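Both backbone and side-chain heavy atoms feed into the values below; hydrogens, waters and symmetry mates do not. Keep in mind the model is a prediction, meaning the values are calculated, not measured.
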Amino acid sequence: MAFHLTVAGSLEPLADRLATVLAEPLDDPFTAELVAVPGGGVRAWLTAQLAERLGATRSGDGSVGAGVGDGIVANVDFVFPAALVERALGPDSGLGRWSTGPLTWAVHDVLQRVGPELGQPTDAVRARAIADLFDRYTLYRPEMVRGWSDGRDVDSIGAPLDPHQRWQPALWRAVQAHLGGPTDEQLLRAAVERLAGEGPDPTLPPRVVVFGLASLPTPHLRLLAALATHREVVVLAPTASAGRWREVADQLDELTRGAPLALPLERADERVPVGVGSALVTTWGRASREANLLLLDGTRAVGGTVVAPHPVPELPASPTLLARVQHGLRADEAPPGPPVRGADGERSTDRRPLFDPASDGSLRWHRAYGPARQVEVLRDALLHLLSEVDADGAPRFEPRDIAVLCPDPGAVSALVEAAFAGDESQGVPAIAVRVADRSLRQDNPVLDTAAALLDL
């Protein structure tokens, strides 16, 4: 079949590409499309975006009519990456014993016996923390835990571990002996090899899409590569900077000469392209850069097609502060910096653009005391946005145009729902809101009560 990688500097072009892919129907019209997404928030946004593109009324030139909003998206299964892996490998893969939940009790049992000699407490809280660590090692450090299973105390690049860290491989081997059989890392590696030869579970549709994931662990990348020999695999990946992506891609060509990277690699290895430019892209965008690098390397290894990000457009004549920051990130440009001194010691012309907070509200900081006040400030800021109108009097923004990012939505969900409900008697209108990415326990008080009983 085929492997297609499309990279873009934002999610909107990726949504356009996905709509183009889904517009070509599968051979069986009753087969649901399978699209893996990183979370519930992206799923809700993507569904709304596709509904404006798929089946929408088109104008005479074939483009979708602006503001028509009569499209529809149906028969698409949005799943998370773990569910995609489970669908591809089938129900008999045997994976799951080394996931955090089941593994917690195995680690607790083993710690009861060997914890003191390893210098580790034997309580359940510690056992869960270790189980979560082992679960993440399986996905993000597979070569390391493979070495542990083989009796080698090594780190993620194969170097010997320091003495104070060697309790981890010792505990890993003790847990493996306690559970018996292969680890999830061994099962997943064998399953990927089997997948490349025998093909995926027959229920998997002929086309699989991975949308908007900033990073994928190496085992999942290998699974997608194996899956591409039997299915059409479409990966739509965002990048922190289109300019940095092109620079790193060119460096990869120069360093490898078409040969695949030998993984794992140390970050300081000269074969890892880094690029120069914006300091924010170098620091905050490292995970995105490395994920794109692995995707690009894997796509070339299987002979897939790559669509690079569009060139970054020029800034408008009078850009806002937010537009300048975004352009600097996308184009991977270093900021102008402080004024330089001339030969006579005087400061030369300052290249930094002026910023007037009174007229430019594109980027704002609000200082608020505590989560409750932060939610109230957010509500007021959104009410101001929703009250803005265009020249024709039409609202400039609708609630569906706004996404609020939060590190822990479940922790503030009750505050958001209470504050956004408004109070008509006090002249505070309600704002339609949906809190995504919450666990079932946070959404359902009955399940929360049952889980609390089980915790006891």
* Hey, could you give me each pair passing side chain to side chain donor-acceptor pair (under 3.5 Å) that has a residue in residues 15-24? Not counting sequence neighbours. =>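 Sorted result for residues 15-24: Asp16-Arg53.
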For residues 376-392, which side-chain N or O atoms pair as donor and acceptor with protein atoms under 3.5 Å away, sequence neighbours left out?
from   : atom 1 : to     : atom 2 : distance (Å)
Glu376 : OE1    : Arg373 : NH1    : 3.1
Ser387 : OG     : Leu383 : O      : 3.4
Ser387 : OG     : His384 : O      : 2.7
Glu388 : OE1    : Arg396 : NH1    : 3.4
Asp390 : OD1    : Arg396 : NE     : 3.1
Asp392 : OD1    : Ala394 : N      : 3.1

Nearest heavy atoms of [X] and [Y], plus distance in Å:
| X | Y | value |
| --- | --- | --- |
| Leu139 | Pro217 | O-CB, 3.4 Å |
| Thr100 | Asp135 | OG1-OD2, 3.1 Å |
| Leu415 | Ala372 | CD1-N, 3.9 Å |
| Ala242 | His310 | CB-O, 4.1 Å |

With rounding to the nearest 0.5 angstrom, report the [atom1] to [atom2] distance, [X] to [Y].
| X | Y | atom1 | atom2 | value |
| --- | --- | --- | --- | --- |
| Trp45 | Leu11 | CH2 | CG | 5.0 Å |
| Thr6 | Leu295 | OG1 | CG | 11.0 Å |
| Leu161 | Gln168 | CG | CD | 7.5 Å |
| Leu18 | Phe211 | CG | CZ | 6.0 Å |
| Leu227 | Leu89 | CG | CG | 9.0 Å |

Is it the case that atom [atom1] in [X] sees more than 12 heavy atoms from other parts of the structure closer than 6.0 Å?
| X | atom1 | answer |
| --- | --- | --- |
| Glu12 | CD | yes |
| Leu456 | CG | yes |
| Glu86 | CD | no |

Residue list, salt bridge (Lys or Arg N to Asp or Glu O under 4.0 Å) with [X], at least two apart or on another chain:
| X | result |
| --- | --- |
| Glu143 | Arg222 |
| Asp184 | none |
| Arg43 | none |
| Glu232 | none |

Side-chain ([X]) to main-chain ([Y]) donor-acceptor, under 3.5 angstrom:
| X | Y | result |
| --- | --- | --- |
| Asp360 | Ser362 | yes |
| Arg364 | Gly361 | yes |
| Ser156 | Arg141 | no |
| Arg330 | Gly9 | no |

* Could you walk me through whether Trp98 and Trp172 pass ring pair (Phe, Tyr, Trp, His ring centres under 6.0 Å), step by step? => CA-CA 11 Å; Trp98 283 73; Trp172 175 277; 4.5 Å; yes
* Do the rings of Trp148 and Tyr137 sit parallel, tilted or perpendicular, given the 30° and 60° boundaries? ->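 Perpendicular, since the angle between the ring planes exceeds 60°.
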Kindly write out the residues that satisfy side-chain hydrogen bond (donor to acceptor under 3.5 Å, both in side chains) with [X], not counting sequence neighbours, or none if the list is empty.
| X | result |
| --- | --- |
| Glu333 | none |
| His108 | Gln112 |
| Arg189 | Glu185 |
| Thr138 | none |

* Pair Ser278-Asp332, side-chain donor/acceptor within less than 3.5 Å ->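 No donor-acceptor contact under 3.5 Å links the two side chains.
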* To do: Compute whether any side-chain donor of one residue and acceptor of the other, for Thr282 and Arg244, lie under 3.5 angstrom apart.
  =>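 Yes - a donor-acceptor pair under 3.5 Å links their side chains.
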Could you list the donor-acceptor pairs under 3.5 angstrom formed by side chains in residues 316-326, with sequence neighbours left out?
from   : atom 1 : to     : atom 2 : distance (Å)
Thr320 : OG1    : Ala323 : N      : 3.1
Arg324 : NH1    : Pro319 : O      : 3.4

Can I get a per-line list of side-chain donor-acceptor pairs under 3.5 Å for residues 121-132, giving both atom names and the distance, sequence neighbours left out?
from   : atom 1 : to     : atom 2 : distance (Å)
Asp123 : OD2    : Val125 : N      : 3.2
Asp123 : OD2    : Arg126 : N      : 2.8
Arg126 : NE     : Gln120 : OE1    : 3.0
Arg126 : NH2    : Gln120 : OE1    : 2.4
Asp132 : OD2    : Arg136 : NE     : 3.2
Asp132 : OD2    : Arg136 : NH2    : 3.2

